[in-house]
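Shown next, in structure tokens, is the structure this report addresses.
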Amino acid sequence: MFDGGMTMCFHTVNCPQILGNISKNRSRSRTKLNPCFAVKMCSILLQSDESGNLSESKKISSSYSAQVKPQAQNSLLSQANTVGIIGGVSVLSTLIFLEKLVWLSSRNGEESVPFVVCSDPSIDGALASQASIHSSFDETAQNEANHEAIIRNLRHKRVFLEQSGASCIVMPCHISNAWQEQISEGCSLPFFHIGECVAKELKEAKLKPHGTGSNVRIGVLAATETIAAASYQDQLGNQGFEVVLPDKATTEHILIPAIESLKKRDTEGARNLLRIAIQVLLIRAVNVVILASDELQNILPREDPLLKKCMDPMDALARSTIKWAKTGKQGMQKNTC
């Protein structure tokens, strides 16, 4: 997955973190990423209580913990282009974003951008509960009540990353970006919004509308019909795009069954249903379909021609972050791509 070595360390300061510093293999003859990489890890797990505060729990150390040196943290966080990452809805989704960040920033033989990650498994369940595309009315009301606690938790992580020496903040999560304005309150660092990064890339692509006299239409498929889609609607609208969402019938009879098929490990069924959902939006004259859900990524095989019409927002977020880190734009205003 990564080429070279990766050092990961979870510390006791407020909440878990991962410190990353990827070293490229000095051999230039290799063009593919090495799936094997060295991990040095020590950890102190923290858990959230009902009020959203973090409390220290059991310490877990690997056999490599003695090899982790305190100096590594200081040397990493002293870099002016260190990226602070608030973990996504799951540890896996966060690692997938890290893979994109490392690969895209080092594929031309350069060093990967430095980063520090705050990933708290205790919040995964709370975010995942927001991700249900077919919650009942009572569940939806309860989710709304949980928003404030989630926002407090994520703001706490943002402050932690600022104090750790990060120079910009990103959240590779379709759901939490819907609350980016509240989470970034009081933040003096650039804070990248995934929807803004997507909208900017699409604007720079100079797409032409399929119909005369209309705006370019962008389709959005999301597992969270209201929350995740909201992360993109406003930002796309600000750039002059018309956002097209699946109608109720498509959501209930195609998109939901596709996600349920995936959970049942019916990969072929999930693929066929997702293809239909994408086609429904393409028939409505959209130029691009944004797959705004981790669950919808990697369902279709890479050679599927429909993927040429789709966009993974995490790619746009990673590209914008790398551009900022490598073009010396430190000191930019917050909430910008």
Side-chain angles (χ1 to χ4, degrees), residues 86-90 93 97 123-124 126-137 139-155 158 169-185 187 191-203 215-248 250-252 255-256 259 277-278 280-281 284 286-297 310-317 320 334-337:
I86 300 176
V89 72
S90 69
S93 65
F97 176 76
I123 201 175
D124 289 358
L127 283 172
S129 69
Q130 310 295 315
S132 175
I133 197 171
H134 47 83
S135 298
S136 66
F137 178 80
E139 289 172 331
T140 300
Q142 182 62 44
N143 287 344
E144 291 290 339
N146 290 338
H147 288 179
E148 187 175 342
I150 294 173
I151 291 169
R152 272 200 313 271
N153 188 304
L154 293 172
R155 190 184 293 128
R158 186 216 82 208
I169 305 293
V170 299
M171 289 190 299
C173 178
H174 303 284
I175 301 170
S176 56
N177 270 270
W179 309 307
Q180 196 243 28
E181 184 176 352
Q182 298 98 307
I183 297 168
S184 65
E185 184 178 342
C187 180
F191 197 137
F192 293 94
H193 189 292
I194 191 170
E196 184 178 357
C197 295
V198 167
K200 184 176 180 181
E201 279 203 3
L202 291 173
K203 189 71 173 180
N215 294 330
V216 173
R217 311 184 93 193
I218 305 297
V220 178
L221 288 177
T224 45
E225 199 170 6
T226 54
I227 297 177
S231 296
Y232 302 93
Q233 280 183 287
D234 292 342
Q235 299 296 335
L236 290 167
N238 291 341
Q239 293 290 349
F241 295 111
E242 180 182 348
V243 179
V244 179
L245 301 176
D247 56 26
K248 184 177 180 181
T250 301
T251 298
E252 292 182 352
L255 192 55
I256 291 175
I259 294 172
I278 294 171
V280 168
L281 291 181
R284 296 172 64 185
V286 305
N287 290 65
V288 177
V289 176
I290 296 172
L291 299 180
S293 169
D294 293 332
E295 294 170 298
L296 300 179
Q297 300 296 336
C310 297
M311 182 177 189
D312 181 352
M314 296 303 168
D315 290 338
L317 180 62
S320 294
K334 68 174 185 176
N335 300 349
T336 182
C337 280

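Just so you know, residue 1 is the first one in the sequence shown, and it goes up from there. Here the structure is a predicted model, which means the values were calculated and not measured.
- Minimum heavy-atom separation, Leu291 to His174: O-CE1, 4.1 Å.
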Might you work through the side chain to side chain contact (heavy atoms under 4.5 Å, CB included) test for Met171 and Ile183, ending with a clear yes or no?
CA-CA 10 Å; Met171 289 190 299; Ile183 297 168; 3.8 Å; yes
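- Annotation: the span from Asp234 atom CG to Glu181 atom CD amounts to 10.0 Å, rounded to 0.5 Å.
- Under the 4.5 Å side-chain criterion, counting only non-hydrogen atoms from C-beta, Ser293 is not in contact with Leu221.
- By the 4.5 Å heavy-atom criterion applied to side chains, Gln182 and His147 are not counted as neighbours.
- Leu296 is listed as a side-chain neighbour of Ile259, based on a closest heavy-atom distance under 4.5 Å.
- The closest side-chain heavy-atom distance from Glu242 to Val286 is not below 4.5 Å.
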Given the rule in the side chain to side chain contact (heavy atoms under 4.5 Å, CB included) test, do Val170 and Phe97 qualify, once you have shown the distances and angles that lead to the verdict?
CA-CA 11 Å; Val170 299; Phe97 176 76; 4.1 Å; yes
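- Closest approach of Leu245 and Ala229 over heavy atoms only: CD2-CB, 4.0 Å.
- Rounding to the nearest 0.5 Å gives a distance of 7.0 Å between SG of Cys173 and CG of Asp294.
- With hydrogens and angles ignored, the 3.5 Å screen pairs a side-chain donor or acceptor of Gln180 with a backbone N or O of Phe191.
- When every heavy atom of Phe192 is checked against every heavy atom of Asn177, the shortest pair comes out as O-OD1, 4.0 Å.
- A salt bridge links Arg152 with Glu148: the distance from a Lys NZ or Arg NE/NH1/NH2 to an Asp or Glu carboxylate oxygen falls below 4.0 Å.
- In this structure a side-chain-to-backbone donor-acceptor pair under 3.5 Å is present from Ser231 to Ala178.
- With sequence neighbours excluded, the residues that form a side-chain contact (heavy atoms from CB on, under 4.5 Å) with Asp315 are Lys100, Asp312, Arg319.
- A side-chain donor-acceptor contact under 3.5 Å links Arg217 to the backbone of Arg284.
- When side chains are defined from C-beta on, Val198 counts as touching Met311, because their heavy atoms get closer than 4.5 Å.
- Shortest non-hydrogen contact noted between Gly219 and Leu281 is CA-CD1, 4.1 Å.
- Looking at heavy atoms from C-beta onward, Ile290 lies in side-chain contact with Pro313 at the 4.5 angstrom threshold.
- When atom types are taken as modelled, the side chain of Ser90 and the backbone of Ser93 share a donor-acceptor pair closer than 3.5 angstrom.
- Taken to the nearest 0.5 Å, the CD atom of Glu252 stands 9.5 Å off from the CG atom of Asp247.
- Using a 4.5 Å cut-off on side-chain heavy atoms (C-beta onward), Ile175 and Ile150 make no contact.
- Here the CZ atom belonging to Phe241 is positioned 14.5 Å from the CD atom belonging to Gln233, to the nearest 0.5 angstrom.
- The backbone N or O of Ile86 lies less than 3.5 Å from no partner atom in the side chain of Arg158, so there is not a single donor-acceptor pair.
- Note that CD of Gln297 and SG of Cys310 are 8.5 Å apart. Values are rounded to the nearest 0.5 Å.
- In this structure, Glu201 CD and Ser320 OG are separated by 5.5 Å, a value rounded to the nearest 0.5 Å.
- The minimum heavy-atom distance between Leu154 and Ser176, with the atom names listed, is CD1-CB, 3.6 Å.
- Heavy atoms only, all atoms of each residue included: Ile169 and Cys187 are closest at CG1-SG, 4.5 Å.
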